[in-house]
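On a predicted model such as this, the values are computed, not experimentally measured, just so you know. Positions are given from 1, in the same order as the sequence printed here.
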Amino acid sequence: MIAIVRLIILFCLIILVTAYGLLLCLVLGRSKDRVYYVAKTFSPVARLFGLSVTKHVSYKSLDVKQAVYVANHQNNYDLFTFSHVVPHGVVTVGKSSLRWLPFFGWLYWASGNFLIHRHDRNKAIATISEIVDNMRETGLSIWMFPEGTRSRGRGWLPFKRGAFHAAIQAQVPIIPIVCSSTHKQVSLNRLDNGPVKVEIMDPIFTEGLTDADIPDLV
């Protein structure tokens, strides 16, 4: 019964959050904080799933004005856990197929995130170059999931190198963000599904590094 109530509430929230988010993006125009404010609407939903999210932010990361944020990608609950620590002036990089996803895909596109052709290497490289140019022009930071797909309890998957190429080309730090394991933690029929910790870690500086340093950086 709890699961049914949760799913009904979630469906209503999806519609409301999408409508509110699209209106917010319209009001904010080309603001660099569109993703930040949209994330604020997603973070309270963690409580709907019985998750208690605590966050820890490295004080060293607060001094960094522009960065490439890299985070582990586990499952769909990432949307409601990582949203607690989304910084100002950041956009994410996601797969191009997201644009066709009802509701969330529309909001993802409208909030200024980048879409990348993950399975087409030439297009992916071109998009990374475009992202770096955009970072230089606007001062935006980017957030990427270097595993490229959800791990779903398989542990860390091999990293793709786009995030590291972007950081070195833009000469900005990499800031790791990690969420504790949520694999099989949530039962929709259980009120309390326990704690989750999200941590923004110390920056890793890339000044002076070149593409030859990427294997060690990874």
Side-chain angles (χ1 to χ4, degrees), residues 30-36 39 55-74 78-79 81-98 108 111-151 154-181 197-218:
R30 299 183 64 83
S31 168
K32 293 194 292 185
D33 279 336
R34 281 177 288 173
V35 171
Y36 171 80
K55 61 182 181 180
H56 178 267
V57 179
S58 162
Y59 72 92
K60 294 181 181 179
S61 72
L62 299 177
D63 294 329
V64 175
K65 297 186 183 301
Q66 188 180 27
V68 172
Y69 295 87
V70 293
N72 59 322
H73 196 10
Q74 299 182 71
D78 292 347
L79 184 61
T81 55
F82 281 126
S83 54
H84 286 76
V85 296
V86 171
H88 286 277
V90 68
V91 293
T92 69
V93 180
K95 56 186 179 181
S96 58
S97 58
L98 282 174
Y108 190 83
S111 50
N113 296 290
F114 287 102
L115 296 168
I116 192 168
H117 295 272
R118 196 173 60 195
H119 300 299
D120 188 319
R121 187 173 183 274
N122 290 332
K123 288 184 178 179
I125 291 173
T127 302
I128 291 296
S129 296
E130 178 187 337
I131 288 170
V132 171
D133 289 341
N134 191 284
M135 291 175 69
R136 289 170 176 157
E137 292 172 5
T138 65
L140 277 169
S141 296
I142 61 169
W143 177 310
M144 297 183 73
F145 294 105
E147 295 166 285
T149 189
R150 289 165 287 190
S151 59
R154 291 173 288 173
W156 287 95
L157 302 180
F159 283 2
K160 297 182 183 301
R161 301 191 175 191
F164 304 94
H165 279 288
I168 286 177
Q169 288 176 33
Q171 289 290 281
V172 298
I174 292 171
I175 298 183
I177 304 178
V178 65
C179 179
S180 60
S181 176
K197 182 178 180 181
V198 183
E199 182 171 0
I200 298 183
M201 305 177 77
D202 291 348
I204 300 166
F205 295 96
T206 65
E207 285 90 346
L209 299 185
T210 68
D211 285 349
D213 297 299
I214 287 179
D216 290 337
L217 192 58
V218 170

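Atom-to-atom distance recorded for Q171:CD and T210:OG1 is 9.0 Å, nearest 0.5 angstrom. In this structure, I174 CD1 and M144 CE are separated by 10.5 Å, a value rounded to the nearest 0.5 Å.
When the side-chain hydrogen bond (donor to acceptor under 3.5 Å, both in side chains) test is applied to T138, the partners found at least two apart in sequence or on another chain are N134. Among residues two or more places apart in sequence or in another chain, the salt bridge (Lys or Arg N to Asp or Glu O under 4.0 Å) test is passed with K60 by D202. Looking at residues two or more places apart in sequence or on another chain, you find a side chain to side chain contact (heavy atoms under 4.5 Å, CB included) between Q74 and N72, D78, S151, C179, S181, T182. With sequence neighbours left out, Y36 forms a ring-ring contact (aromatic ring centres under 6.0 Å, His included) with H88. Every side chain to side chain contact (heavy atoms under 4.5 Å, CB included) that R154 has, sequence neighbours left out, goes to T149, L157. Applying the side-chain hydrogen bond (donor to acceptor under 3.5 Å, both in side chains) criterion to S180, with sequence neighbours excluded, gives no partner residue. Partners of S61 according to the side-chain hydrogen bond (donor to acceptor under 3.5 Å, both in side chains) rule, which considers only residues two or more places apart in sequence or in another chain, do not exist here. Checked against side chain to side chain contact (heavy atoms under 4.5 Å, CB included), S111 has the following partners two or more places apart in sequence or in another chain: C25, R34, V35, V38, N113. Listed by chain and number, the residues in a ring-ring contact (aromatic ring centres under 6.0 Å, His included) with H73 are F145 (sequence neighbours excluded).
Under a 3.5 Å cut-off, the side chain of Y69 and the backbone N or O of P87 do not form any donor-acceptor pair.
Screening residues 205-216 for salt bridge (Lys or Arg N to Asp or Glu O under 4.0 Å), with sequence neighbours left out, gives no hits. For residues 128-141, the salt bridge (Lys or Arg N to Asp or Glu O under 4.0 Å) pairs, not counting sequence neighbours, are D133-R136.
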